[in-house]
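Reading through the structure tokens given below for one structure.
Note that the coordinates shown come from a computational prediction; the quantities given were computed from them, not determined experimentally. By convention in this document, chain letters (A, B, ...) are assigned in the order of the sequence lines, proteins followed by strands, and residues within each chain are numbered from 1.
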Amino acid sequence: MPFFDLKRKLASEIADYFNSPDIKAEALAADAGVPPQLALGHLALPCFKLSKVLKQPSDMIAKSLTEHFSGKGITVTPTGPYANFKWDVGYLYSTTLESIFTKKARYGSDDSGKNKHIVFEYCSPNVAKKLGFQHIRSTLIGNTLANVYDFLGYQTERINFVGDWGSQFARLLAAFETWGRPELVDTTLPGFSAKAAMDHLFEIYVKFHKECDVHPEYLEQASKCLQRLEEHEARATDLWKKIRKISIAAMDETLERMNIRFNHLEGESTYIPEIQKTLKEVKEKAGAKLSEGAWIVEVPGLTTPALVQKKDGTTLYLTRDIAAAEDREKRFHPDKMFYVVAEQQKLHFQLLFGTLKLMGHEWADNCEHVSFGTVLFGTEKMSTREGRVIFLDELLDEAKALALEECTKKNPDLPNKDEVADMVGVGAIIFGNLSSHRKSDIEFKWETVLALDGETGPYVQYSLVRCHSLLEKAKAKGEKSGVVKDVSQYAFAPEEESLILSLAKLRSTLHLAVRDNEPYHLTYYLIDLAKAFNRFYYKLPVLQSNDPTQRELRLGLVEATQTTLTNGLELLGMRAPKEM
RNA sequence: GCGCCUGUAGCUCAGUUGGAUAGAGCAUCAGACUACGAAUCUGAGGGUCAGAGGUUCGAAUCCUCUCAGGCGCACCA
């Protein structure tokens, strides 16, 4: 029985024991923590709160828990105000390994999210721009969370909502009409290259913003472009279609490298045909009013109004987001709608949710902005507009090249080095990105992002390589690997114990990840497990052991580690090589 | 100016929602391959948890103030 269930069971037994309306199993489970050292036990219950409710000193309570719960496969030691619970290691071993060997690739999953429907919006790049390092956070956080929710039985919708409309695009259009080279975006020409097209678009986009500083009239030209688009003028529309198609193809290619797929590709443009209807609805229901020639909605509690229509009559991102949210509600009736978008857009989402609420949409309470910190470049933020950006493709290439170099150094005879380098390089980027709290800002540094040593993706992958190598050798020798039935006489080493304990915790980790919408819990867990395994591996002989029972048991632990690490990496969208 | 966020070892970050002696990785130094893969493992040094008050059995965590940095504040997304 994995840790998650053991903890619940114990908490409800303790609640039953006290039999008081003020002591609830759930609260006990939440209070229980991990003792500072393994020797103290597996689970620590601080008795301070119980002391208040029961009006008894906390150390007395710890002692009474000890007397009542010791035996029955568990040892309880009172340590001052703490009751430290330690399951019989054999019991922990049997239940955990049983579960891993039964559920295999599904180990860690459950159906706690059954009948719940979640909509995720993430990645959401702008058309005509290559994916930059900033997009990686939204994409990876969203992808991992959606994977975890799926694994726990939720039904998920993964929407990539591309910015294919609005002033931003109009500016590109204006830039293209001034400096654009049409032959570069003509997909029918024999020499067409999507990469060259994207590079060209990026170049003129940056140029446009630079020129705007000296020629403000360019902005007027852009405004006209947007009007032409919203009026479906043929020339503008044709160019829009071309650029959109090229961008999406380029984007898919990059996402594919990180094993990321969506089940909905939508764009702001989707909502343009019906946008007048949305505007009318907002004006009527949310009490929009005219201010300085533009239409605004005043959201209670916010000093900045929601701007839904500009004075030139065109719409904004916010307007299209309103239409999109209504559409998603109608299509999916989700229990939650998560927007995985940078912290900087916090106000935007407050305005969006506030406006939806004013429109009478009670479901606006189900919407949540899952924000993340800014990517900094030195002390400046990354900005495509100013040309200060690292493109995702370049980053992945760089990571792969470095991994290849490392691989060649360490394992020159490896046959599929290129493939391995790709898994390791991309893995390092994915893992590294999810290795800190999503809300903290991160500073872009090549040596940090490309690290292959220490608490990194390759560390976890390397642990898996060790597992695989051992299991292959065992297979060749005809060794048995599995769950040893009777371990009552077996003396578990501390390294075995902490490995078992770590193996048991995958599901409780995933529940933490869902509770906080925080993928970090998972990466941290995988490091913890890999570390427990590497210590076990270093200290204890597996195939070298003279005792056949011990060999079988340890091989079983290796296989269980392989399954658990693999499941975890897959949730992150990472692949693991068999050799590296 | 107003609002939000952040400040923990030289660097990058954890700290299980208020609990035990504040922990990891990198870097530095010292060790472990005639052992199942050394992309590994073991150990050492390194801390006024930005600062000052407060709340209580107990604070890195909660409250107040100060300092430093970041982000946002209607016709961008």
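Legend: residues meeting side chain to side chain contact (heavy atoms under 4.5 Å, CB included) with Asp59(A), ordered by chain and number and at least two apart, are Pro57(A).
Of all the residues in residues 410-432 of chain A, Lys410(A), Asn411(A), Val424(A) reach under 4.0 Å from RNA chain B with at least one non-hydrogen atom.
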Can you pull every protein N or O that's under 3.5 Å from an N or O on nucleotides 41-44 of chain B?
residue: C41(B); atom: OP1; partner: Tyr459(A); partner atom: OH; Å: 2.5
residue: U42(B); atom: OP1; partner: Arg535(A); partner atom: NE; Å: 2.6

Using a cutoff of under 3.5 Å, can you pull out all pairs of nitrogen or oxygen atoms linking the protein to nucleotides 56-59 of chain B, with atom names and distances?
none

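For Ser167(A) and C76(B), the shortest distance from a side-chain N or O to OP1 or OP2 is below 4.0 Å. Residue Ser469(A) has a polar side-chain atom (N or O) positioned under 4.0 Å from OP1 or OP2 of G37(B).
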Which letter, B, S or -, goes with each nucleotide of nucleotides 2-9 of chain B from 5' to 3', with contact meaning a protein heavy atom under 4.0 Å?
--S-----
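Helical stems involving RNA chain B, defined as 3 or more consecutive Watson-Crick or G-U pairs under 3.5 Å, span B:1-7 with B:67-73, B:10-13 with B:23-26, B:28-32 with B:40-44, B:50-54 with B:62-66.
A salt bridge links Lys289(A) with Glu298(A); the closest basic N to acidic carboxylate O contact falls under 4.0 Å.
Within the nucleic acid shown, Asp31(A) has no heavy atom closer than 4.0 Å to any nucleic acid atom. If you check every strand for non-hydrogen atoms under 4.0 Å, Ile296(A) touches a base.
At a cut-off of 3.5 angstrom, the base of A77(B) holds no donor-acceptor pair with the side chain of Ser124(A).
Taking 90° from 0 as the syn/anti boundary, the base of C73(B) is oriented anti.
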